[in-house]
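Below: the structure, in structure tokens.
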Amino acid sequence: MTENNQKQAEMTVNYVNSNIYQRESILDRARFVTQRDGEMDIVVLGSSVTKGLGATESQPVWGELLEQYLNAHNEIAVNVQNHGHSGYSTSDLIKNNKIVPVIEEEPDLIIFELCLINNNRYPQNTLVQTKADIQWIMEAFARELPGTLVVFTTANPTIYNDVLLADGKITYDQYNKEIATFITEQNWPLIDVYQLMMMELDQHNRVVVETLEDHVHPNGNGYQLWFDVMVEKLNVPVSGL
């Protein structure tokens, strides 16, 4: 082990044993990794609403907004890699080996948008299958990236929130609630963007279509709202998400 690697290892041990780690937030982790490594590597994983369909140069996707926000902190430096895949469900991520490139990045943080817009669509993946997919992906991350923080997130509301799609068993709203419950039952960190965006829209008497480029994908204002509700959670202890 080189002297630098030994110093990094010692810093990690000290951090894990610290009071900060016991109540750490995403911002705490970003500060620590920046201090240890000089920069924090983040992967955002998910579907087209992670890739950024509907975003513009002046109003970018939420992952880019996150990178800009974190890098505006003097004590934080991050690099965000976008692994969004248009039209992908959780099953597609596994079937098409999209988890492997994420693991190869060896990121310090993964924010996994759960692809529920696509899991709910044509054909609708069963809840049993979706839960099994998420479990499989999480086990792969835990096995291959034991030091990586994984935070789950739901996606934006769409015009199909309360619509039962062809051959579907439940609505998008019901799908989100069921999977969010599953995630919290596993004690995995979750930022429920779907519910947070709906609450924000309701509070200001706004409607979902104002945030959409089409029936599903956010427009620039939609991605900004996504980021705005997410940023409120960055300083919350991960154990409380």
Indicate the atoms forming the closest heavy-atom contact of [X] with [Y], along with that distance.
| X | Y | answer |
| --- | --- | --- |
| N71 | A77 | OD1-CA, 3.3 Å |
| L212 | P157 | CD2-O, 3.6 Å |
| H217 | S48 | NE2-OG, 2.8 Å |
| I103 | L145 | O-CD2, 3.7 Å |
| N118 | S47 | ND2-CB, 3.4 Å |
| D92 | G87 | OD2-O, 3.6 Å |

Q.
Quick one about Y223 and T211 (side-chain donor to acceptor, distance below 3.5 Å, no hydrogens or angles considered), yes or no?
A.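 Absent: no donor and acceptor within the cut-off.
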Q.
Within the 3.5 Å criterion, strictly below it, is a donor on T90 or N119 matched to an acceptor on the partner's side chain?
A.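 Yes, N119 and T90 have a side-chain donor paired with an acceptor closer than 3.5 Å.
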**Q.** Worked check of side-chain contact (heavy atoms from CB on, under 4.5 Å) between F152 and L114
**A.** CA-CA 7 Å; F152 294 90; L114 289 158; 3.4 Å; yes
Q. In a check of side chain to side chain donor-acceptor pair (under 3.5 Å) between Y194 and each of T158, N176, D173, which one passes?
A.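 Exactly one pass, corresponding to D173.
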Q) Is the distance between the ring centroids of Y172 and Y160 under 6.0 Å? A)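 Centroid separation for Y172 and Y160: 6.0 Å or greater.
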Q: Flag the pair F227 / W62 as yes when their ring centroid distance falls below 6.0 Å, and as no otherwise.
A: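 No, too far apart.
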So do the side chains of [X] and [Y] get within less than 4.5 Å of each other, counting heavy atoms only?
| X | Y | result |
| --- | --- | --- |
| W188 | V150 | no |
| L109 | T148 | no |
| L201 | V207 | no |
| I76 | V33 | no |
| Q135 | Q186 | yes |
| Y122 | D167 | no |
| T130 | F182 | no |
| V61 | V44 | no |

Backbone N or O of [Y] within a donor-acceptor pair of the [X] side chain at under 3.5 Å?
| X | Y | answer |
| --- | --- | --- |
| N161 | M198 | no |
| N219 | G222 | yes |
| E67 | V80 | yes |
| E105 | Q81 | no |
| R23 | N19 | yes |
| Q124 | N120 | yes |
| D37 | E39 | no |

Return the [atom1] to [atom2] distance between [X] and [Y], rounded to the nearest 0.5 Å.
| X | Y | atom1 | atom2 | result |
| --- | --- | --- | --- | --- |
| L234 | Y69 | CG | OH | 6.0 Å |
| L241 | L190 | CG | CG | 8.0 Å |
| H83 | L93 | NE2 | CG | 11.5 Å |
| I110 | M138 | CD1 | CE | 8.5 Å |
| N235 | E24 | CG | CD | 11.5 Å |
| L196 | E232 | CG | CD | 7.5 Å |

Group every Ile, Leu, Val, Met, Phe, Trp and Tyr by side-chain heavy-atom contacts under 4.5 Å, then state whether [X] and [Y] land in the same group.
| X | Y | result |
| --- | --- | --- |
| I134 | V100 | no |
| W136 | V128 | no |
| M199 | M230 | no |
| V216 | L164 | no |
| I20 | I26 | yes |

**Q.** side-chain hydrogen bond (donor to acceptor under 3.5 Å, both in side chains) assessment of T171 paired with D162
**A.** CA-CA 5 Å; T171 67; D162 300 310; 4.9 Å; no
**Q.** Derivation of the side-chain contact (heavy atoms from CB on, under 4.5 Å) call for V236 and S25
**A.** CA-CA 5 Å; V236 174; S25 65; 5.8 Å; no
For atom [atom1] of [X], decide whether the heavy atoms of other residues, nucleotides or ligands shown that lie under 6.0 angstrom number more than 12.
| X | atom1 | result |
| --- | --- | --- |
| H215 | NE2 | no |
| D202 | CG | yes |
| Q68 | CD | yes |

Scan the side chains in residues 51-59 for donor-acceptor partners under 3.5 Å anywhere in the protein, sequence neighbours excluded, and list what turns up.
residue: T56; atom: OG1; partner: S58; partner atom: OG; Å: 3.3
residue: T56; atom: OG1; partner: Q59; partner atom: N; Å: 2.9
residue: Q59; atom: NE2; partner: N221; partner atom: OD1; Å: 2.8

Q | Derivation and outcome, side-chain contact (heavy atoms from CB on, under 4.5 Å), residues F112 and V151 | A | CA-CA 6 Å; F112 180 13; V151 176; over 6 Å; no
Q: Report the relative orientation of the aromatic rings in Y88 and H85; use parallel for angles under 30°, tilted for 30 to 60°, perpendicular for over 60°.
A: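 Taking H85 first and then Y88, their aromatic rings sit tilted (interplane angle of 30° to 60°).
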Q. Among T153, I99, I111, T50, which residue meets the side chain to side chain contact (heavy atoms under 4.5 Å, CB included) test with L45?
A.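 Filter result, single survivor: I99.
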Q: Write out all pairs satisfying salt bridge (charged side-chain N to carboxylate O under 4.0 Å, His left out) with one or both partners inside residues 107-136, taking only residues at least two apart or from two chains.
A: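 The answer is R36-D108, K131-E178.
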**Q.** T34: side-chain hydrogen bond (donor to acceptor under 3.5 Å, both in side chains) partners, not counting sequence neighbours
**A.**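 In terms of side-chain hydrogen bond (donor to acceptor under 3.5 Å, both in side chains), with neighbours along the sequence ignored, T34 is linked to no residue.
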Q: Any chance you could lay out the side-chain contact (heavy atoms from CB on, under 4.5 Å) test for I179 and L116, step after step, and finish with the verdict?
A: CA-CA 9 Å; I179 297 303; L116 300 185; 3.9 Å; yes
